[in-house]
Number of protein chains: 2
Amino acid sequence: MNDSPRRKELTRQAAQLFVQEGFDRTTVRMLAQEMGIKSGSLFHHFRDKQEILAAVIEEGTENALGIARAALDDCDSDPASRLHAMARAHLETLLTDRNAHVVALYEWRRLDAPARAHLSHLRDAYEALWEEVIDDALAAGLIRGDRFLVSRFVMGALNWTVRWYDPDGERTPDELAGELVAMLTHPAG
Amino acid sequence: MNDSPRRKELTRQAAQLFVQEGFDRTTVRMLAQEMGIKSGSLFHHFRDKQEILAAVIEEGTENALGIARAALDDCDSDPASRLHAMARAHLETLLTDRNAHVVALYEWRRLDAPARAHLSHLRDAYEALWEEVIDDALAAGLIRGDRFLVSRFVMGALNWTVRWYDPDGERTPDELAGELVAMLTHPAG
DNA sequence: GTCTATACGCGGATAGAC
DNA sequence: GTCTATCCGCGTATAGAC
């Protein structure tokens, strides 16, 4: 439809509900209430419920991509630092920010075909960033295994944290990233 | 309600639909059609839709637990073999069997409080088995890291395979398990 | 154990006034 | 840009016959 600041704000509020309840269980009435408007008004901003989901996922992936790129630019250029930075960025968008990126990962299947086609290049760009970092770590002998599989396993380990991580617990996303890298790293390498 | 063979069979069919569509999007009419009966008849076997989910998750976790125990009994007693056997068993119940165990992992949140209370001991037993195997591998110096976190990361890596694994592709669950163990294992250890 | 028929509330979405 | 009012189909569940 457009990308007014108003719509951006509504998208953020939708993301929160989608994480809490799941897309299917979130009703347009719930969304409207969270946004402080009536359900009829919602359709002035979004064509239908599907479009809200697409907006959230686009926002979440773009955000994750931007944060990951910034983290890689900021850190040292050795493979270990880059791997740690990437993992930390990923976990922060999932666990601290706790909204749009989670939706992007967990509700992707709920997108209809056109939205999926439109957004898959974004998702691919984010995953390509990951594969780059993994590749460097493999080439340096920091970790070992198959390029494709290591990427999937690492992303899986990180994505699943959403299910068990306690934000009020002792560990920060940064510490988690450190533990993951330590687990994967071969001291002898 | 009970656990007649009839009900077991219906539960298996429900599992398949829950994986394909997700619990929320699966209607009782769809379930009935898959089972070859009318929707009204469904409620002779299950009190409500929630009870179907609980039955599927119970079945899926019990099955995974049984297969994992059998795999551990059958394999060599060194930590590497045990880790591999556990990973392979886990992946087989997720990727080959492709039903009830997936539901147990991905639809757990949809259980109501009483069902969750009733089933959590089962889930805990399965996770305890994992922690045992991880503990042994840590003690042997095969892998390294924090007991709790390694377990979560490993299970996350495996659970996420459901999202990208192609059953018609080249790799078997056994090969995947091997790759995971290789990734985690320190040759120098 | 399965059927038909049906109740009934809820969810997505629209129309048109302000 | 938001409201009120409303449509209508669908989803869960029940009743009672066979």
Side-chain angles (χ1 to χ4, degrees), chain A residues 1-59 103 106-116, chain B residues 1-57 59 103 106-107 109-116:
Chain A
M1 240 146 162
N2 61 50
D3 54 334
S4 63
R6 179 83 176 113
R7 185 174 146 126
K8 262 267 167 89
E9 171 62 14
L10 298 178
T11 302
R12 279 188 45 219
Q13 291 174 303
Q16 203 192 324
L17 266 178
F18 287 164
V19 171
Q20 276 172 33
E21 304 289 330
F23 174 72
D24 290 325
R25 288 163 96 97
T26 304
T27 69
V28 298
R29 288 174 170 82
M30 290 164 69
L31 288 163
Q33 186 167 28
E34 181 81 11
M35 296 166 179
I37 56 180
K38 299 296 179 181
S39 67
S41 311
L42 224 174
F43 295 92
H44 177 75
H45 302 280
F46 303 92
R47 184 189 308 279
D48 53 24
K49 197 186 165 193
Q50 268 289 320
E51 200 179 84
I52 308 179
L53 178 62
V56 170
I57 291 184
E58 182 164 25
E59 155 85 11
V103 176
Y106 279 88
E107 305 288 358
W108 178 268
R109 292 170 49 192
R110 300 300 165 219
L111 288 172
D112 55 28
R116 217 177 289 194
Chain B
M1 239 143 164
N2 61 50
D3 54 335
S4 64
R6 179 83 177 112
R7 184 174 146 126
K8 262 265 167 93
E9 171 62 14
L10 298 179
T11 302
R12 280 188 44 219
Q13 292 174 301
Q16 203 190 324
L17 267 177
F18 288 164
V19 171
Q20 276 171 34
E21 306 289 330
F23 175 71
D24 290 324
R25 288 161 94 96
T26 303
T27 70
V28 297
R29 291 192 233 271
M30 290 164 68
L31 288 164
Q33 186 168 28
E34 182 81 12
M35 296 166 178
I37 56 180
K38 299 295 178 183
S39 67
S41 309
L42 223 173
F43 295 93
H44 177 74
H45 302 280
F46 303 93
R47 184 189 309 277
D48 53 23
K49 197 186 164 193
Q50 268 290 323
E51 199 179 84
I52 307 179
L53 178 62
V56 169
I57 290 183
E59 156 84 11
V103 176
Y106 280 88
E107 306 287 358
R109 293 170 47 193
R110 301 300 166 218
L111 287 173
D112 56 27
R116 218 177 289 194

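So that the names make sense, note that chain A is the first sequence line, chain B the second, and so on, each numbered from 1. Just so you know, these numbers come straight off a predicted model, no measurement behind them.
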Which letters describe nucleotides 12-18 of chain D, given B = protein heavy atom under 4.0 Å from base, S = only from sugar-phosphate, - = neither?
BBB----

Spacing between [X] atom [atom1] and [N] atom [atom2], to the nearest angstrom:
X	N	atom1	atom2	result
A:L31	C:dG11	CG	C1'	12 Å
B:R25	C:dG12	CZ	C1'	13 Å
A:M30	C:dG11	CE	C1'	12 Å
B:M35	C:dG1	CE	C1'	14 Å
B:L10	C:dG1	CG	P	10 Å

Could you check A:L42 against A:I52 for side chain to side chain contact (heavy atoms under 4.5 Å, CB included), going step by step and ending with a plain yes or no?
CA-CA 10 Å; A:L42 224 174; A:I52 308 179; 3.6 Å; yes

Hey, does the side chain of A:R6 come within less than 4.0 Å of D:dT2's phosphate (OP1/OP2), counting only N and O?
yes

Do any side-chain nitrogens or oxygens of B:H44 fall under 4.0 Å of OP1 or OP2 in C:dC3?
no

Taking only residues two or more places apart in sequence, or in another chain, which ones meet B:R116 in a side-chain contact (heavy atoms from CB on, under 4.5 Å)?
B:W108, B:L111

When you look at CD of A:Q33, are more than 12 heavy atoms from neighbouring residues, nucleotides or ligands closer to it than 6.0 Å?
no

Would B:L31 and B:E34 count as a side chain to side chain contact (heavy atoms under 4.5 Å, CB included) if you check the C-alpha gap in whole Å, the side-chain angles of each, and the deciding distance to 0.1 Å?
CA-CA 5 Å; B:L31 288 164; B:E34 182 81 12; 5.8 Å; no

What's the closest nucleotide to the side chain of A:I37 if the choices are D:dG1, C:dC3, D:dC3?
D:dC3

Would you call A:R7 and A:E59 a salt bridge, using N to O less than 4.0 angstrom?
no

Less than 4.0 angstrom from a charged side-chain N to a carboxylate O is my criterion; do B:R12 and B:E9 meet it?
yes

Does any part of the side chain of A:F46, heavy atoms only, come nearer than 4.5 Å to the side chain of A:L10, both counted from C-beta?
yes

Please give me every residue in residues 12-22 of chain B whose heavy atoms get under 4.0 Å of an atom in DNA chain D, ordered by residue number.
none

Residue pair B:V28, B:F43: steps toward the side chain to side chain contact (heavy atoms under 4.5 Å, CB included) verdict
CA-CA 9 Å; B:V28 297; B:F43 295 93; 4.1 Å; yes

Quick one: does B:Q50's side chain have a donor or acceptor within less than 3.5 Å of a partner on B:R110's backbone?
yes

